[in-house]
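The structure appears below as structure tokens.
Below, chains carry the letters A, B, ... as their sequence lines are ordered, and counting in each starts from 1.
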Amino acid sequence: MQNLPGFRDFYPNDCARRNYILATWREVARRYGFVEYDGPVLEPIELYEKKSGGELIGQLFDFPDKAGRHVAMRPEMTPTLARMVAAREKDFKKPLKWFCCPQFFRYEKQQRGRLREFYQLNADIVGEASFAADVELVSLAIDVLRGFGFTEKDFVVRICDRSIWVNFFAENGGDLRRSTEFLRVIDKIGREDDTTSEAKLKEFGIGLSRVRDFMAKPYADAGLEATLRELEKRDLAIFTELDSAIVRGLAYYTGFVFEIFDRGKRERALAGGGRYDNLLSLMSDGKVSLPALGFGMGDVVLANLIDDTPRAKAKMDAWIAQEHAADIFVVIAKEERRPEALAILQQLRDAGLRVDFPLTAEKVGRQFQAAGQAGAELAVLVGDEWPQLTIKTLATRREDKILHTELADWLRNRQEGG
RNA sequence: GUGACCGUAGCUCAAUGGUAGAGCUCCAGAUUGUGGUUCUGGCUGUAGCGGGUUCGAGUCCCGUCGGUCACCCCA
């Protein structure tokens, strides 16, 4: 039996890679004062129909459950977050700084950087309308990537504000009721050929050349200017670029938006997000109205970029080696001493050390080989000299002989000595 | 969902339509109480699956499943 397309088996090394990514996400998010939350993996389909309907539904893993409820595997977190916040909004001091590392499911044809199952860091700030929240969120996204060992040479954050396009639209005689439609056309300009874009823009009475001119000159409204200045104060401006072409495909974004790309342009977007000040009100039928913003960063593209970037790869490999390494390997040199060796083993494990040993009788040479493969620092050899032990430091091959009753003290001294 | 290319050992890959191979990994020995190197030997295949053409198919054709890439979409 093969696994389903777009779904992954996580063998120990794959699992370690995933854990590294999740651990780094969590570590940086906590450094920023974000707290972790989570919700159900399975939701009623209505939750996702509410926000946009139509196309989104086609990419859901959805099915009837045994009671006939129409349910869907979660494809994103925002609707769940909106429901959770709406239900107990008054229990939490604003602004909320919440993050989550959920596994998502989307029925799409997989290719590089896109599977049917993936993890995504989601970080959201709810209840703060000021640009300071925009800066905090982008800063978190940048520092997460720095946490993986990336620098400004590896990625760039392209930022924009949808309001500059809404203003442009109004100044060019556009009907503001159709501004969302207009933004969708702008979003696609880079991906569609010019004749298609030209034709679409004609519906709004705007020429492609005028749009191109607007994109070409650096422009920022007052809010975006403030955001950029603040990023400079945090020394994070080197990671960012103003880019009028970033408007994001989703209809619900209301202002500040950003996307993060690798400089080599080999991968899909690493992350994307923005402000969605009206979404909570929409999702809660007007019950709760709070400004909000957030971003998502997926593990698949991120892992590709880590593999492509030697500095980041080395950092990950070091973490994994550390995570998997045993502290001590107990070598049973005389099988008759196995009971004594097991007592030592238990004593060491009780002390919180990671200790491995041969489950069945093995040649000493093979045991040392296993010790090396386990990444152990020390081998504790139990054999003929009992009650004396031989402790071998594997990296230096140095050997110390001590009484087994002195083992705990010996280890303590070694640790204190550095 | 549409299109292109690909599918041979656990992994990376060879072999004009003519008896399925190599490297790595793994296992064993050289070395009966001291590892990573080296040397020697060994295991592994329904050629993704199902049809067809042919004296003969890993090779050519069709279908199907899976993979990769592009389109689409990107919550």
Side-chain angles (χ1 to χ4, degrees), chain A residues 1-8 11 13 43 47-61 72-82 102 104-116 118 120 122 124 184 187-188 191-193 196 246-253 257 259 266-274 276 279 283 294-298 300-301 304 329 331-337 358 361-386 388-399 401:
Chain A
M1 275 298 274
Q2 286 177 302
N3 52 1
L4 290 166
F7 284 78
R8 295 172 284 184
Y11 286 89
N13 193 51
E43 292 276 18
L47 186 70
Y48 303 114
E49 286 171 332
K50 203 166 189 170
K51 193 165 79 177
S52 69
E55 295 168 358
L56 189 154
I57 302 298
Q59 292 182 351
L60 287 177
F61 271 98
M73 310 280 282
R74 63 183 175 194
E76 59 165 327
M77 208 60 203
T78 313
T80 302
L81 173 67
F104 289 148
F105 304 88
R106 298 179 188 174
Y107 197 89
E108 299 187 277
K109 189 158 179 177
Q110 88 271 17
Q111 49 190 269
R112 184 173 177 86
R114 188 175 80 181
L115 300 173
R116 288 183 170 180
F118 55 94
Q120 195 180 74
N122 269 238
D124 293 86
R184 272 192 86 80
D187 179 47
K188 284 181 193 279
R191 301 193 291 269
E192 283 178 336
D193 61 89
T196 310
I246 303 293
V247 298
R248 310 276 297 148
L250 290 173
Y252 62 68
Y253 286 112
V257 286
E259 289 184 9
R266 298 185 53 194
E267 309 293 342
R268 295 163 180 282
L270 280 157
Y276 49 92
L279 189 63
M283 295 297 301
F295 76 89
M297 179 187 293
V300 184
V301 175
N304 286 343
F329 195 96
V331 173
I332 303 173
K334 264 287 173 289
E335 192 57 24
E336 295 72 28
R337 292 297 180 193
E362 291 223 51
K363 287 182 181 173
V364 172
R366 188 148 298 277
Q367 292 187 51
F368 274 95
Q369 195 175 325
Q373 281 168 358
E377 268 180 75
L378 302 175
V380 172
L381 186 143
V382 183
D384 282 340
E385 300 96 331
W386 184 268
Q388 205 175 50
L389 302 172
T390 302
I391 302 179
K392 182 164 180 173
T393 306
L394 288 165
T396 61
R397 294 172 185 254
R398 172 201 165 118
E399 291 188 6
K401 294 200 186 284

Say we look at B:rG36 and B:rA30: how far apart would their P atoms be, to the nearest angstrom? 14 Å
5'-to-3' dot-bracket of RNA chain B (Watson-Crick, G-U; under 3.5 angstrom; crossing pairs as [ ]; | other strand): (((((((..((((....[..)))).(((((.......))))).....(((((..]....))))))))))))....
Assign each of A:G383 and A:G6 to its nearest nucleotide of RNA chain B by heavy atoms, then name whichever residue's nucleotide is nearer the 5' end. A:G383
Find the distance A:Y48:OH to B:rC74:C1' and express it as a whole number of Å. 16 Å
Protein-nucleotide distance (A:R8, atom CZ; B:rU68, atom P), rounded to Å: 12 Å
Nearest 0.5 Å, please: how far is CG in A:L378 from CG in A:L394? 7.0 Å
Of all the heavy-atom pairs spanning A:V301 and A:G113, show the shortest one and how long it is. CG2-O, 3.5 Å
Calculate the interatomic distance between A:L394 atom CG and B:rG35 atom P; express it in whole Å. 11 Å
Do A:F368 and A:K392 have side-chain heavy atoms sitting under 4.5 Å apart? yes
Atom pair distance, as rounded to whole Å: NZ in A:K392 and C1' in B:rG36: 11 Å
Could you tell me how far apart A:L60 (CG) and B:rC73 (C1') are, to the nearest whole angstrom? 13 Å
Report the distance from atom CG of A:L4 to atom P of B:rC65, rounded to the nearest whole Å. 14 Å
Which nucleotide wins on minimum distance to the side chain of A:R106, given the candidates B:rC74, B:rG1, B:rG33? B:rC74
Report each atom pair, protein N/O against N/O of nucleotides 37-44 of chain B, whose distance is under 3.5 angstrom.
none

Check this for me: does any side-chain nitrogen of one of A:R112 and A:E267 sit under 4.0 Å from a carboxylate oxygen of the other? yes
To the nearest angstrom, how far is A:R397 atom CZ from B:rG35 atom P? 7 Å
A:R114, nearest nucleotide to its side chain (from B:rC26, B:rC71, B:rU34): B:rC71
Nearest 0.5 Å, please: how far is CD in A:E259 from CD1 in A:I246? 4.0 Å
Hey, does the side chain of A:R268 come within less than 4.0 Å of B:rC69's phosphate (OP1/OP2), counting only N and O? no
Taking B:rA14 as the reference, what is the distance to B:rA9 when you measure between their C1' atoms (whole Å, please)? 13 Å
If the cut-off is 4.0 Å, is A:Q111 near the phosphate of B:rA70, judged by side-chain N/O to OP1 or OP2? yes
Can you find a pair of side-chain heavy atoms, one from A:R116 and one from A:M73, that are under 4.5 Å apart? no
Rounded distance (Å) that lies between atom C1' of B:rA28 and atom CD of A:E362: 13 Å
With respect to the side chain of A:K109, which nucleotide from B:rC73, B:rU34, B:rG1 is positioned closest? B:rG1
Taking the C1' atom in each of B:rG66 and B:rG50, what is the distance between them to the nearest angstrom? 15 Å
Phosphate OP1/OP2 of B:rC74: any A:Q59 side-chain N/O under 4.0 Å: no
Between CG on residue A:L4 and CG on residue A:L115, distance to nearest 0.5 Å: 12.5 Å
Between atom CD of A:E385 and atom CZ of A:R337, what is the distance when rounded to the nearest 0.5 Å? 10.0 Å
Hey, what's the ring geometry for A:F7 with A:F105, parallel, tilted or perpendicular (30° and 60° as the breaks)? parallel
OP1 or OP2 of B:rA28 sitting under 4.0 Å from any side-chain N/O of A:R366? yes
Check every strand shown and say whether A:P5 touches a base, only sugar-phosphate, or nothing at a heavy-atom separation below 4.0 Å. sugar-phosphate
How far, in whole Å, is B:rC74 from B:rG67 if one measures between their P atoms? 23 Å
Using OP1 and OP2 only, check whether a side-chain N or O of A:K188 sits under 4.0 Å from B:rC73. yes
To the nearest 0.5 angstrom, please state how far the CG atom of A:L389 sits from the CD atom of A:E399. 12.5 Å
Using a heavy-atom cut-off of under 4.0 Å over every strand shown, decide if A:G298 touches base, sugar-phosphate, or nothing. nothing
A:E108 side chain, from C-beta outward: closest of B:rC73, B:rG67, B:rC26: B:rC73
Between A:E399 and A:R112, name the one whose nearest nucleotide on RNA chain B is closer to the 5' end. A:E399
Has A:K363 got a side-chain N or O lying under 4.0 Å from the OP1 or OP2 atom of B:rG29? yes
Compare the minimum distances between each of B:rG67, B:rG35, B:rG33 and the side chain of A:Q110, then state the nucleotide with the smallest one. B:rG67
A:T78 side, atom OG1; A:L47 side, atom CG - distance, nearest 0.5 Å: 10.0 Å
Exam field: side chain A:Q120 to backbone A:E76, donor-acceptor pair closer than 3.5 Å: no
When all nucleic acid strands are considered with a 4.0 Å heavy-atom cut-off, which category describes A:E385: base, sugar-phosphate, or nothing? base
